[in-house]
Amino acid sequence: MSGLLGVRLLLLWGFACLWLCSSASGDLFISRDNEALQETRGAARRLQKRSTNSANVEVNSVRVACTVATRFAHTVMTSRAQNKANSSQEVFFEVELPKTAFITNFSMEIDGKVYVGEVKEKEKAKKQYEKAVSSGQTAGLVKASGRKMEKFSVSVSIAASSNVTFILTYEELLQRKLGQYEILTRVNIEQPVQDFEILADIYEPQGITFVEATATFLTNKLLPLLKKTITDTKAHISFSPTVEQQKCSGCDGTIIKGDFIIKYDVKREKSLGEVQVVNGYFVHFFSPPDLAKVPKNVVFVIDRSGSMQGQKIAQTREAMTAILKDLHKDDHFAIILFDDEIVPWKDFLTKATEENVSEAIRYVSRLTEEGSTDINAAVLRAVKMLKTERKNEKLPARSADMIILLTDGMPNHGVSNTKTIEENVETAIGGRMSLFCLGFGNDVAYSFLDVMSKQNKGVARRIFEGSDAVVQLKGFYEEVSSPLLLEVKLRYPDSKVDFLTKNDHSQLFDGSEIVVAGRLNDNDMNNFVVEVHAQGPEEDFQVQEKASVANWQTMYPDKEYIFGDFTERLWAYLTIQQLLETSDISTQQDKDNMTAKALDMSLRYNFVTPLTSMVVTKPETEDGADSSFVADKLTEEQRQASERHGGFSASPAARSPASGSPSRMLQASLSRSHGGRSRGSSGYSDVDGDPHFMIQARKVTDKYNALCFDINDKPGTIFNLVKDTKSGFVVNGQLIAKKRFLLNGKSNTYFGRFGITHQKLDVRLDVSTQDISVFHNGKQVTLQWSDTASLKETDLDLRLTNNCNLTVTLRHSVKFMIIRHTKVWKRRHDQQDYLGFYTLDCHHLSASVHGLLGQFYHGVPFEMADFRQGELENLDAIMYVKGQTLNVTRHWQKDFSKDVQNGETIPCWFVGSDGTGLIDGTASDYIVSDLFQTV
């Protein structure tokens with residue numbers, strides 16, 4: 001099978017290298033942005049100080065482990081090293097990962113202490129990046145590595161005789177191209193490693209048709225070490241050479257340098273495809289077998305302007321010769337050459353007979369370059385040609401119309417404004433054909449081609465200058481040359497699913513696959529009927545069947561802990577990717593909404609995406625320098641720009657990608673307000689408050705923002721916050737008093753303790769301002785707020801960071817965060833510890849969930865009217881909610897759900913009188929007698 005472009009795109013594993021360095025470096029930044037990093041001279045000098053003397057640092061373990069569950073790959077790269085010197089040494093960790101993957105976690109463990117990355121909105125992480133760069137540190141260390149990979153590197157100074165363990169995790173949905181999935185590990189080991197291992201476990205309930213594993217560095221001696229165990233639905237691949245087997249005969253270093261490649265495919269026996277359900281989310285893989293190809297009508301639009309001179313024009317001639325030979329006899333084709341003039345081979349499309357193809361090959365063999373670049377006129381001429389042929393019924397009724405544009409530069413003749421060209425082309429095509437754009441070289445306006453393709457049912461691809469450009473061109477053509485179905489529509493029961501990913505596709509190509517994921521409203525799959533409608537070459541393709549779902553526990557007993565919530569994360573990954581792609585071709589308002597939703601999901605699922613950055617705090621260096629680094633991801637535009645300047649790194653944008661800070665679909669939270677009404681006496685005011693309930697608006701663009709209310713009662717009072725009788729999930733909170741009383745004799749109160757119970761999962765948490773007690777399955781663990789710790793069980797995932805942030809996920813139930821705040825009054829020499837409770841994900845809870853917070857988990861509709869200026873420059877209004885008419889005032893409150901340290905100031909409509917009219921009943925109805933009362 002030809003077409004290396006298709007088979008090298010899918011999943012690229014990275015590998016770890018470690019160096020010894022004589023001086024401490026500053027920060028790391030992983031970026032996906034639109035500006036190339038310009039490193040400071042000080043940072044450049046630090047990079048030059050790297051030493052190749054590895055005698056003082058022993059790398060004793062390198063491990064890459066990938067688990068693939070129905071195409072969703074979870075890869076963990078781990079490396080452990082020891083400083084054998086008598087002084088501190090700088091150790092570098094470097095890996096390569098696919099540019100399409102999302103980093104989900106990075107951590108360093110140094111002598112038992114763990115430093116964990118935290119995903120933040122890019123704009124907030126940008127401040128830390130700029131601080132690091134301004135102090136001469138190298139903060140941005142994600143660089144492009146070749147065409148499809150990125151290099152992640154970080155350094156840390158460790159003390160004499162100390163150990164460091166690096167762990168990087170990333171996730172990606174494998175794409176099927178040219179009939180297979182591929183996993184590529186790029187290996188680069190400088191010195192033999194005592195514990196070296198590459199592992200892959202592939203779980204495919206649909207059945208595995210083949211698995212191939214090889215490596216470019218394999219010798220006859222190493223070949224027996226490559227082990228495969230394959231059953232019908234599972235494959236295990238391992239490679240673990242000893243230190244002696246890694247050594248290079250007659251040279252220093254190792255022979256383990258090159259690509260480790262795994263290829264596989266799955267069985268496709270059903271026309272409906274494969275549906276998998278795990279933990280309330282489903283995924284549908286659609287690629288039916290034995291389909292005839294749909295004839296295509298393709299117009300090749302070839303740039304022959306002066307910039308194509310030399311190798312590019314020669315490679316275009318060679319690639320076009322091969323592509324024309326691959327045309328099917330039922331296809332129709334045309335060729336349009338352009339510079340500042342438009343020169344069609346013929347004024348109509350020609351059937352791909354042997355004679356016509358030979359004539360066309362002779363024509364392109366004489367292709368020469370001259371003139372400037374008129375992309376607008378060339379593409380519009382191709383559109384007109386296809387329209388005319390359709391109108392005159394010269395093309396098969398059931399056939400696919402497509403335009404393939406190849407260009408290497410910017411439009412500089414005729415219409416040169418790219419936005420105008422995009423509008424002209426989209427209007428002319430009108431959804432009736434597909435446009436595929438190939439950008440040749442580094443000077444092409446790739447983002448312009450990308451938008452134009454997305455607007456017109458196609459995709460864009462960069463063609464890199466090099467000896468294999470012909471292979472790249474042929475590979476791309478092979479991917480799109482064989483449409484099997486057109487206008488594919490996948491339908492699911494409306495009452496059973498929501499939050500679907502894209503389920504209407506313009507075409508299905510041979511060797512590819514359509515993937516749709518969504519959230520289930522219930523787990524009853526008895527009547528889950530899937531319908532697929534599409535246009536085939538002879539007749540319409542229609543299938544309506546009840547989905548047959550594999551039982552993962554039966555198929556893979558004792559493996560449930562491996563899979564966890566992979567379908568949900570697959571859905572999130574796919575949703576974010578599609579939101580970002582679609583936002584590029586949307587109106588500004590829609591783009592803002594999509595960007596905000598993608599940002600919210602990136603933060604919720606801990607993905608490093610174009611909108612987020614991962615911040616990791618390192619141990620202080622000997623000079624006490626600020627030691628935090630930030631991680632992003634490179635965009636294609638940024639990769640292209642950095643190639644022009646000879647560097648490959650990333651930096652945060654100068655502006656925020658989103659116009660505002662998005663709220664979750666519905667987030668109910670409880671915390672003390674730092675920015676509410678000012679109170680106090682004796683000539684100064686405190687920014688204090690009672691327990692402050694905040695209900696975020698449903699939409700990020702909602703001008704009414706959040707709703708807030710206070711509850712006032714005596715210290716020691718316990719309120720029920722959340723109660724879901726169906727799952728047994730209950731949250732109760734106890735008030736504590738402020739240490740200092742106000743002059744009127746009243747005391748401000750806070751939440752100082754939470755009792756959290758999940759009866760079905762046998763989980764109980766007792767969280768106070770002093771410590772955290774966890775009870776689960778008969779075991780008890782007590783943690784201090786100063787700890788950094790994690791606890792992962794089948795039903796419980798708990799993570800505590802040293803910034804007093806506790807995040808808890810209860811399987812099939814809920815995810816929440818508890819923050820311990822410390823408010824300091826310097827003038828009074830006083831301080832107060834208190835707790836905030838934030839619900840991060842509650843969609844698994846039943847519709848009957850209630851409590852002071854729980855009653856808002858599934859939304860509360862309200863309307864605003866009669867806006868008017870109130871006191872202290874606040875805005876007053878009338879709110880209509882739950883059949884009540886309430887007077888409300890807009891205040892500014894602090895939301896700590898995304899920025900634990902500083903909080904985010906957001907506008908909030910305040911409902912007085914203990915929330916009367918907004919909450920069901922009165923506040924006293926929610927008082928309970930015991931912190932762990934569940935009924």
Side-chain angles (χ1 to χ4, degrees), residues 1-16 61-79 95-98 100-101 146 148-149 170-189 192-193 195-246 248 254-268 475 511 513 556 559 562:
M1 178 176 292
S2 64
L4 295 181
L5 184 67
V7 297
R8 298 292 287 273
L9 261 182
L10 306 180
L11 174 68
L12 311 175
W13 277 348
F15 213 78
S61 177
V62 173
R63 188 173 187 268
V64 179
C66 179
T67 301
V68 180
T70 58
R71 290 66 140 190
F72 192 65
H74 175 90
T75 303
V76 181
M77 293 176 278
T78 307
S79 186
V95 299
E96 293 191 23
L97 65 153
T100 50
K148 306 173 184 69
M149 301 184 80
Y170 64 82
E171 293 176 332
E172 183 182 26
L173 176 63
L174 298 181
Q175 301 174 49
R176 185 173 186 254
K177 292 192 176 182
L178 302 175
Q180 62 189 359
Y181 309 96
E182 180 175 284
I183 302 166
L184 170 64
T185 306
R186 186 152 294 161
V187 182
N188 183 15
I189 302 179
V193 177
D195 179 17
F196 168 64
E197 190 173 38
I198 299 176
L199 296 174
D201 287 290
I202 302 170
Y203 299 90
E204 293 288 355
Q206 190 171 347
I208 298 173
T209 57
F210 76 90
V211 177
E212 297 177 357
T214 186
T216 58
F217 51 80
L218 279 184
T219 64
N220 290 335
K221 291 183 179 179
L222 291 177
L223 190 59
L225 304 178
L226 179 55
K227 299 178 180 179
K228 296 190 297 181
T229 304
I230 304 171
T231 65
D232 185 46
T233 61
K234 178 183 175 183
H236 176 76
I237 300 97
S238 65
F239 179 69
S240 183
T242 65
V243 169
E244 289 300 318
Q245 291 166 333
Q246 296 171 42
C248 175
T254 75
I255 61 173
I256 311 298
K257 294 183 180 180
D259 292 342
F260 188 89
I261 305 163
I262 300 172
K263 301 175 184 178
Y264 80 96
D265 198 17
V266 301
K267 296 178 180 178
R268 302 178 189 279
E513 181 176 65
Y556 306 109
K559 297 291 184 181
I562 292 177

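Values below: all heavy atoms of this structure, side chains included; hydrogens, waters and symmetry mates excluded. Small disclaimer: the values here were computed from a predicted structure and weren't measured.
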Could you check if a side-chain atom of [X] sits within less than 4.5 angstrom of a side-chain atom of [Y], using non-hydrogen atoms only?
| X | Y | result |
| --- | --- | --- |
| Phe196 | Ser61 | no |
| Leu199 | Thr67 | no |
| Lys227 | Phe239 | no |
| Thr209 | Val266 | no |
| Ser79 | Arg63 | no |
| Lys257 | Val187 | no |

Output the distance between atom CG (Leu173) and atom CZ (Phe72), rounded to the nearest 0.5 Å.
->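 The CZ atom of Phe72 is 7.0 Å from CG of Leu173, to the nearest 0.5 Å.
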Nearest-0.5 Å distance, CD1 of residue Ile262 to NZ of residue Lys228 |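 Reported to 0.5 Å precision, the distance equals 9.5 Å.
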Can you name the side-chain contact (heavy atoms from CB on, under 4.5 Å) partners of [X], sequence neighbours left out?
| X | value |
| --- | --- |
| Ser240 | Glu197 |
| Ala235 | Ile202, Ile208, Val211, Ile230, Ile237 |
| Val76 | His74, Thr78, Ile167, Thr169 |
| Thr214 | Leu218, Ile261 |

Taking side-chain hydrogen bond (donor to acceptor under 3.5 Å, both in side chains) as the definition, give me every residue that meets it alongside [X], ordered by chain and number, with sequence neighbours left out.
| X | value |
| --- | --- |
| Gln246 | none |
| Ser238 | none |
| Asp201 | His236 |
| Lys267 | Asp232 |

Assess whether side-chain contact (heavy atoms from CB on, under 4.5 Å) is satisfied between Arg186 and Phe260, documenting all intermediate values.
-> CA-CA 6 Å; Arg186 186 152 294 161; Phe260 188 89; over 6 Å; no
Aromatic ring proximity Phe210/Tyr264, centre distance under 6.0 Å =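 Not under 6.0 Å, so no.
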Would Gln245 and Leu222 count as a side-chain contact (heavy atoms from CB on, under 4.5 Å) if you check the C-alpha gap in whole Å, the side-chain angles of each, and the deciding distance to 0.1 Å?
-> CA-CA 7 Å; Gln245 291 166 333; Leu222 291 177; 4.2 Å; yes
Pairs in or reaching into residues 208-225: which pass salt bridge (Lys or Arg N to Asp or Glu O under 4.0 Å), with residues at least two apart or in two chains?
->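 Checked against salt bridge (Lys or Arg N to Asp or Glu O under 4.0 Å) - neighbours excluded - no pair reaches residues 208-225.
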Under the salt bridge (Lys or Arg N to Asp or Glu O under 4.0 Å) rule, collect the residues that match up with Glu513, sequence neighbours excluded.
->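 Listed in chain order: Arg71, Arg268.
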Dump the intermediate steps for side-chain contact (heavy atoms from CB on, under 4.5 Å) on Gln175 and Tyr181, then the final yes or no.
-> CA-CA 6 Å; Gln175 301 174 49; Tyr181 309 96; over 6 Å; no
Give the minimum heavy-atom separation between Thr216 and Gly258, together with the two atoms involved.
->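 In terms of heavy atoms, the two residues are closest at OG1-CA, 3.4 Å.
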Considering all heavy atoms of both residues, which atom of Tyr170 and which atom of Ala101 are nearest to each other, and what is their separation?
->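 Of all heavy-atom pairs spanning Tyr170 and Ala101, the closest is CD1-CB, 3.5 Å.
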Taking it one step at a time, do Thr233 and Tyr203 satisfy side-chain contact (heavy atoms from CB on, under 4.5 Å)?
-> CA-CA 6 Å; Thr233 61; Tyr203 299 90; over 6 Å; no
Member of Pro241, Pro192, Cys248 meeting the side chain to side chain contact (heavy atoms under 4.5 Å, CB included) criterion with Thr254 |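 Result: among Pro241, Pro192, Cys248, Pro192 is the only option passing the side chain to side chain contact (heavy atoms under 4.5 Å, CB included) with Thr254.
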NZ/NE/NH1/NH2 to OD/OE distance under 4.0 Å, Asp265 and Arg176 |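 A salt bridge links Asp265 with Arg176.
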